[in-house]
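Presented below is the structure to which this report refers.
Proteins get letters first, then strands, A, B, ... in listed order; numbering begins at 1 in each.
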Amino acid sequence: MYVATKGGERAIDAAHRWLGDERRGDRTIAELDVAQIREQLGLAVNRVMAEGSLFDPDLAALAIKQSRGDLIEAVFLIRAYRTTLPRFGSSLPVETKRMHMIRRISATFKDAPGGQILGPTFDYTHRLLDFKLMADGEAPEALRSEAPSAFAPHILQLLDDDGLMEQLDVNDDTPPDLTREPLEMPAARPLRLQALARGDEGFVLSMAYSTQRGYGRTHAFVGELRIGTCAVEMEIPELGFSVEIGEIELTECETVNQFTGSKSEPPQFTRGYGLVMGQSERKAISMSLVDRALRWEELGEENVGAPAQDAEFVLYHCDNIQATGFLEHIKLPHYVDFQSELELIRKLRREALQAQVKEAAE
Amino acid sequence: MTEQSYNFAYLDEATKRMIRRALLKGLAIPGYQVPFASREMPMPYGWGTGGVQVTAACLIPEDTLKVIDQGADDTTNAVSIRKFFERTAQVRTTETTTEATVIQTRHRIPEVPLAEGQILVYQVPIPEPLRFLEPRESETRRMHALEEYGLMHVKLYEDIARHGAIATSYAYPVKVEGRYVMDPSPIPKFDNPKLGGNAAIQLFGAGREQRIYALPPYTQVVSLDFEDHPFEPSKAEHACDLCGSEVSYLDEVIVDDQGNRMFVCSDTNYCTTRQGEGHTGRLSQKGEAA
Amino acid sequence: MFEAEILSGGFADPAHDRARAFRACLEAMARPGRVQTITGAIPPAPLSAAAGAVLLTLADETTPIFLGRGHDTEAVRKWIAFHCAAPIVAAEDATFAVGIWEDLRPVSQFAVGTAEYPDRSASLIVECDDFDRHTVRLSGPGIETSQTAFLPETDAFVQNAAMFPLGFDSYFAARNEIFALPRSTKVEAL
């Protein structure tokens, strides 16, 4: 005898308890604590902060623990928490030229004021598994040379001073806020950059890669990539001056792109820009390539129909929380709709078969 | 964090105000999709975040809430959403359609006609009826502005040319008050006739797509069709095997390895109410219905 | 005026009172011409309790308000600033407009939305003494057959409905009652 499934609530509770148990894993192995994740899985923490749009390494580490290392799930936890936070105000724009850098490289100049700083990078490591890490190998401490000059001008500023860089329309307008207003097309550059900054690293990477392979080619050089910490300041109206409320780690990338000029502009270099929370250089470089590709219209370039030139396509699909929710929702019951499809297919088949029979008879 | 640390019905007041304004615009322009700044909810996009935000913006402490998915109160996602509002809004909940003042639904309209004083909130995945014909939002918005719905008629007509019938069985597009073409959410087309002339307020929320739209009571809603191929609501040609209803929408259930089927009402409250009233179906056990 | 008057008169239990007041607005907009009770606000005169409640429910710093001449008093401005934080603006920039009908005319000064975004339009909150004298018959979405109602004028609303889907939407307020007239409603003089 068929009985409609009851007890959904009990099933849900049991499933979640099981999930918690699986998360803990083998109880003879020491449990990870949040501080360990924060300190030792820092790049995962950074990605969760960047795509979660919330700079809080402890909460990001907690989210990674809670999500069993599923970073998109962790981003989701952070986003859902973030929306419940009251907004006390807006900070002043962060001054990346006053970044305290731990890494800074330029592919366009051999050297520049402030120097090249390799910093903590995977670049030039040989990708060989280090079995010492498996055997409790203690890592030697970093050699800390004297601190690099804390502040260095942006390298592209040097080209700027020569008049070789495009002049940007810089203004103090408050940019639109993607988290408070619905995304609407056409989207101006501040909104596009905002969406890309919290966009999925994999998606933005693939879009950037596609421009390198010819789908909307922009001839990008990494003018400068810098990683470090910046002070966040807020103006306090009652005090009449701004105070530092903390500092955040940022990765900033500026690309230099060839531009052959247009009716109104002489040949010059243009730029793509990427700015991401935490140490996320793959994302920052990707973002600057996609940013540049999306600027075809304002630069009077040709739209070759490349995916990365299509702002509507890129912006509506770069958010992994929207994407994963909708993708995974097809797990939910759809049997009402499926039933109506069944009825329709049966009806169409019946009619098609009848028509065949009739044809054969004639 | 305890439930008490969240605001009534979870959303903060500023967010509710923004959603409420969008709902009122939606009612004033029936069938038009109002953009709204959908918030990230503690449940995934695509799982009812639009409906949840609309319900949260509408609920008052005196409400009685019913949540259904596929017509049933006990499907897991319905259970999860109902529990969310029990926690965050402390409202009474019910499975009885006629007792509910707010009903959040996914994919069905209850069988029992709704009444004044009731609000039906639909969860909508893709609010744009033209989306599968034209993927660009900028383009579909222009088409609605110009009332340019030729593409939709061409699509439906191509169906007829190819299959002899319109091959859309759910999320069947409708025209509202002779103006906006609207997606009724993925309800089976069987439910389409209940959209028009309904005494209840019908509100539609699409969270991921950031759109809200609405049908005031007694709005004229017409399923798109052609004179020579009129719209036909359809259902399985069976009666419910548990309550005997011949007019309700049915789920088809495979009951054994031989592939035998049974048909039962998708609206579980409708079915159990009828069984309670003594109605029986082909597979009712003797005495069970009492 | 006393500061106390500005600071008071808001909702006593904001989340719940606002939810109830919104339901009154929702029912009103869904059923044009049908009068709803809306309570909880005690705004300074000449704002009615009903108009005050609508503002407390729907207005904030993102919704600029136009005040009709009679309503543009220091007390009303301060009350709105304190309770809603909404800026006071010229008619053409307003999301909400509050005043008696004579002070809101000509209504052509209000935003009616655009073809692509007809929702980018103004909502009028028209202060009335009462709704007793029915002057029009209404029909359209939200109305089963027809509904009679009081309107301060007929032509402006006939013209507004003719612009559908563009147009403004109106709430009529008297004491602690409101009814609404969306742009979708057809209006005929009785």
Does any heavy atom of chain C fall under 4.5 Å from the side chain of [X], the backbone, both, or neither of them?
{"X": "B/Ala57", "answer": "backbone"}
{"X": "B/Ala199", "answer": "backbone"}
{"X": "B/Leu59", "answer": "backbone"}
{"X": "B/Val102", "answer": "side chain"}

Would the number of heavy atoms belonging to other residues, nucleotides or ligands and lying under 6.0 Å from [atom1] of [X] be above 12?
{"X": "B/Phe132", "atom1": "CZ", "answer": "no"}
{"X": "C/Arg69", "atom1": "CZ", "answer": "no"}
{"X": "C/Asp129", "atom1": "CG", "answer": "no"}
{"X": "B/Arg179", "atom1": "CZ", "answer": "yes"}

Margin query: Would you compute the distance between atom CZ of B/Phe8 and atom CG of C/Asp17 and round it to the nearest 0.5 angstrom?
Written below: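 Output value for this atom pair is 11.0 Å.
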Next item on the list: Supply the atom-to-atom distance B/Tyr32 OH to C/Phe164 CZ, rounded to the nearest 0.5 angstrom.
Entry: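 These two atoms lie 11.0 Å from each other.
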When you compare the side chain of [Y] with that of [X], does any pair of heavy atoms fall below 4.5 Å?
{"X": "C/Asp169", "Y": "B/Leu27", "result": "no"}
{"X": "B/Leu24", "Y": "C/Phe22", "result": "yes"}
{"X": "B/Arg21", "Y": "C/Phe96", "result": "yes"}
{"X": "C/His16", "Y": "B/Ile60", "result": "no"}
{"X": "C/Arg31", "Y": "B/Pro217", "result": "yes"}

Side chain, backbone, both or neither of [X] within contact of chain B (heavy atoms, under 4.5 Å):
{"X": "C/Thr62", "answer": "side chain"}
{"X": "C/Ala59", "answer": "backbone"}
{"X": "C/Leu26", "answer": "both"}
{"X": "C/Pro32", "answer": "neither"}
{"X": "C/Phe168", "answer": "neither"}
{"X": "C/Ser121", "answer": "both"}

Chain B contacts, top residue of [options] (heavy-atom pairs, under 4.5 Å):
{"options": "C/Gly167, C/Pro118, C/Ser184", "value": "C/Pro118"}
{"options": "C/Pro165, C/Gly140, C/Gly113", "value": "C/Pro165"}
{"options": "C/Ala115, C/Ala28, C/Pro14, C/Gly142", "value": "C/Gly142"}
{"options": "C/Asp119, C/Thr63, C/Thr57, C/Thr145", "value": "C/Asp119"}

Residue selection (most heavy-atom pairs with chain C, distance under 4.5 Å) from [options]:
{"options": "B/Thr219, B/Val34, B/Ile201, B/Asn198", "result": "B/Ile201"}
{"options": "B/Arg17, B/Met18, B/Lys16, B/Glu13", "result": "B/Arg17"}
{"options": "B/Glu62, B/His144, B/Arg142, B/Gln220", "result": "B/Glu62"}
{"options": "B/Lys25, B/Glu177, B/Arg20", "result": "B/Arg20"}

Margin query: Between the side chains of C/Arg34 and B/Glu116, is the shortest nitrogen-to-carboxylate-oxygen separation below 4.0 Å, so that they form an ion pair?
Written below: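 Yes, charged N to carboxylate O under 4.0 Å.
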Notebook entry, point to check: Does B/Asp63 pair with C/Arg20 as a salt bridge, N-O distance under 4.0 Å?
Noted result: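 Not counted as a salt bridge, because no side-chain N and carboxylate O are separated by less than 4.0 Å.
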Next item on the list: Would you confirm whether C/Arg23, through its side chain, and B/Cys58, through its main-chain N or O, come within 3.5 Å as a donor-acceptor pair?
Entry: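 Yes; judged by distance alone, with no hydrogens or angles, the pair exists.
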Next item on the list: Specify the closest pair of heavy atoms between B/Pro216 and C/Ala30, including all atoms of both residues, with the distance to one decimal.
Entry: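 Answer, listing the atom of B/Pro216 first, then C/Ala30: CB-O, 3.7 Å.
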